[in-house]
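Scroll down for the structure; my scribbles are underneath it.
Quick caveat, the model's predicted, so the values are computed rather than measured. Lettering follows sequence order; numbering is per chain, from 1.
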Protein chains: 2
Amino acid sequence: MPQFLKDNKKYYTPVEYVFAKIGGTYKMPLLWRLKDKTWRYSELKESIAHLSDRMLSKNLKELLNDGFINKEVIPEVPVRTEYSITEKGMNSIPIISMLRDYGFELMKDDGIKH
Amino acid sequence: MPQFLKDNKKYYTPVEYVFAKIGGTYKMPLLWRLKDKTWRYSELKESIAHLSDRMLSKNLKELLNDGFINKEVIPEVPVRTEYSITEKGMNSIPIISMLRDYGFELMKDDGIKH
DNA sequence: TTAGTAACTAACATAAATGTAAGTATGCCG
DNA sequence: CGGCATACTTACATTTATGTTAGTTACTAA
């Protein structure tokens with residue numbers, strides 16, 4: 001097992017590292033939306049059910065710090081903020097896409113319609 | 001967004017469904033080990049760092065109930081239990097493999113050696 | 001000067017996942 | 001009968017993730 005340190009946190013597998021970066025309830029849904037176009041903060045918020053300001057801004061900040069997305073503040077009145085995906089962020093899209101396809105497969109096995 | 005129910009739990013995306021089945025700290029490491037050969041309970045326990053009996057038997061039970069693995073109890077003295085992967089379990093291996101590769105890629109970007 | 005809007009931030013509360021420690025079942029062997 | 005070994009299970013504690021509510025900032029328009 002790999003086992004390595006980053007920012008004082010111990011990781012045991014590369015998969016664990018992936019989830020440290022794009023895991024949790026909202027990061028993949030956010031990246032998935034951003035793959036095609038730029039979104040404003042308020043649009044993302046309306047778009048994802050049950051997503052609070054706290055989680056949205058926390059997740060956007062982390063994705064930004066980790067280089068998966070860009071942020072542009074447009075000084076209009078009131079202010080507008082636009083989020084877009086980076087090249088690094090785009091590299092996560094095939095992974096999310098595969099997880100989606102596999103999810104649909106598991107759902108089908110379990111008799112879940114969508 | 002899909003949004004569906006299974007066993008009284010609400011899901012919003014197929015990806016979420018994947019993690020309900022093979023997410024958490026230990027399920028992918030377990031499936032990854034079982035892909036090549038049969039393992040006994042005690043071997044799995046020794047093999048994964050910091051894995052407690054509680055988490056090991058809980059995760060094995062869930063993987064078993066969800067059809068990802070098989071269990072065979074061999075009535076020797078003392079008892080021996082062998083876990084193996086099912087065909088359904090094998091279908092998760094390409095996903096885990098892709099996540100591993102992507103993890104190595106992210107680690108490389110961040111200057112982590114393994 | 002007050003009010004309104006977008007995009008946050010902080011404090012506190014709850015829920016979910018995992019950890020720890022001890023105990024149980026089965027069966028044989030001495 | 002007592003003890004040992006494997007494979008668990010149970011009760012409880014702690015940690016981590018997420019939810020809720022109420023601010024805050026910056027700017028302009030009324």
- For Glu87(A), look at atom CD and say whether over 12 heavy atoms of other residues, nucleotides or ligands are found less than 6.0 Å away. no

- Message: Check this one for me: any side-chain N or O of Thr25(A) less than 4.0 Å away from OP1 or OP2 of dT18(D)?
- Response: yes

- Between atom CD1 in Ile74(B) and atom C1' in dG27(C), what is the gap in whole Å? 16 Å

- Would you mind reading off the distance between Asp53(A) atom CG and dT18(D) atom C1', rounded to a whole angstrom? 14 Å

- How long is the line joining CG of Leu30(B) and P of dT18(C), in whole Å? 12 Å

- Looking at Ser57(B), does any N or O in its side chain come under 4.0 Å of the phosphate oxygens OP1/OP2 on dT9(D)? yes

- Could you tell me whether the phosphate oxygens of dA7(C), OP1 or OP2, come under 4.0 Å of any side-chain nitrogen or oxygen in Arg40(A)? yes

- For the side chain of Lys61(A), counting heavy atoms from C-beta on, which of dT9(C), dT6(D), dC8(D) is nearest? dT9(C)

- Query: When the distance from OH of Tyr41(B) to P of dT24(C) is rounded to whole Å, what number comes out?
  - Reply: 17 Å

- Query: If only side-chain N and O atoms of Tyr26(A) are considered, is one of them under 4.0 Å from the OP1 or OP2 phosphate oxygen of dG19(D)?
  - Reply: yes

- Closest of dG27(C), dC8(D), dA7(D) to the Val77(B) side chain is dG27(C)

- Message: Rounded to whole Å, how long is the line connecting atom CD of Glu16(A) with atom P of dA17(C)?
- Response: 16 Å

- Message: On the side chain of Arg54(A), is there an atom forming a donor-acceptor pair with the base of dT18(D) - under 3.5 Å, no angle test?
- Response: yes

- Spell out, as yes or no, whether a donor-acceptor pair under 3.5 Å connects the side chain of Thr81(A) to the backbone of Tyr41(A). no

- Query: Does the pair Asn91(A) and Tyr102(B) meet the rule for a side chain to side chain donor-acceptor pair (under 3.5 Å), with working shown?
  - Reply: CA-CA 9 Å; Asn91(A) 291 339; Tyr102(B) 182 54; over 6 Å; no

- Considering just the side-chain nitrogens and oxygens of Tyr83(B), establish if one lies under 4.0 Å of OP1 or OP2 belonging to dC8(D). yes

- Contacts of Pro78(A) and Leu60(A) projected onto DNA chain C by closest heavy atom; the upstream (5') one is Pro78(A)

- Query: Any donor-acceptor pair under 3.5 Å linking the side chain of Ser97(B) with the backbone of Ile93(B)?
  - Reply: no

- Euclidean distance, atom CG of residue Leu56(B) to atom P of dA7(D) [Å, nearest integer]: 10 Å

- Item | NZ-CZ distance between Lys27(B) and Phe68(B), expressed to the nearest 0.5 angstrom | 8.0 Å

- Query: Starting at CE of Met55(B) and ending at P of dT15(D), how long is that distance when rounded to a whole Å?
  - Reply: 16 Å

- Any side-chain N or O of Thr81(A) under 4.0 Å from OP1/OP2 of dC8(C)? yes

- Query: For the pair made of NZ in Lys45(B) and C1' in dT9(D), what is the distance, rounded to whole Å?
  - Reply: 13 Å

- Message: Assess whether a salt bridge exists between Glu43(A) and Arg33(A), defined as any Lys/Arg side-chain N lying under 4.0 Å from an Asp/Glu carboxylate O.
- Response: no

- Phosphate contact (dT20(D) OP1 or OP2) by Ser52(A) side-chain N/O below 4.0 Å: no

- Task: Map Lys58(A) and Val79(B) onto DNA chain D by nearest heavy atom, then report which one ends up closer to the 5' terminus.
- Result: Val79(B)

- Message: With a 4.0 Å cutoff (strictly under), does any side-chain N or O of Lys71(A) reach OP1 or OP2 of dC8(C)?
- Response: yes

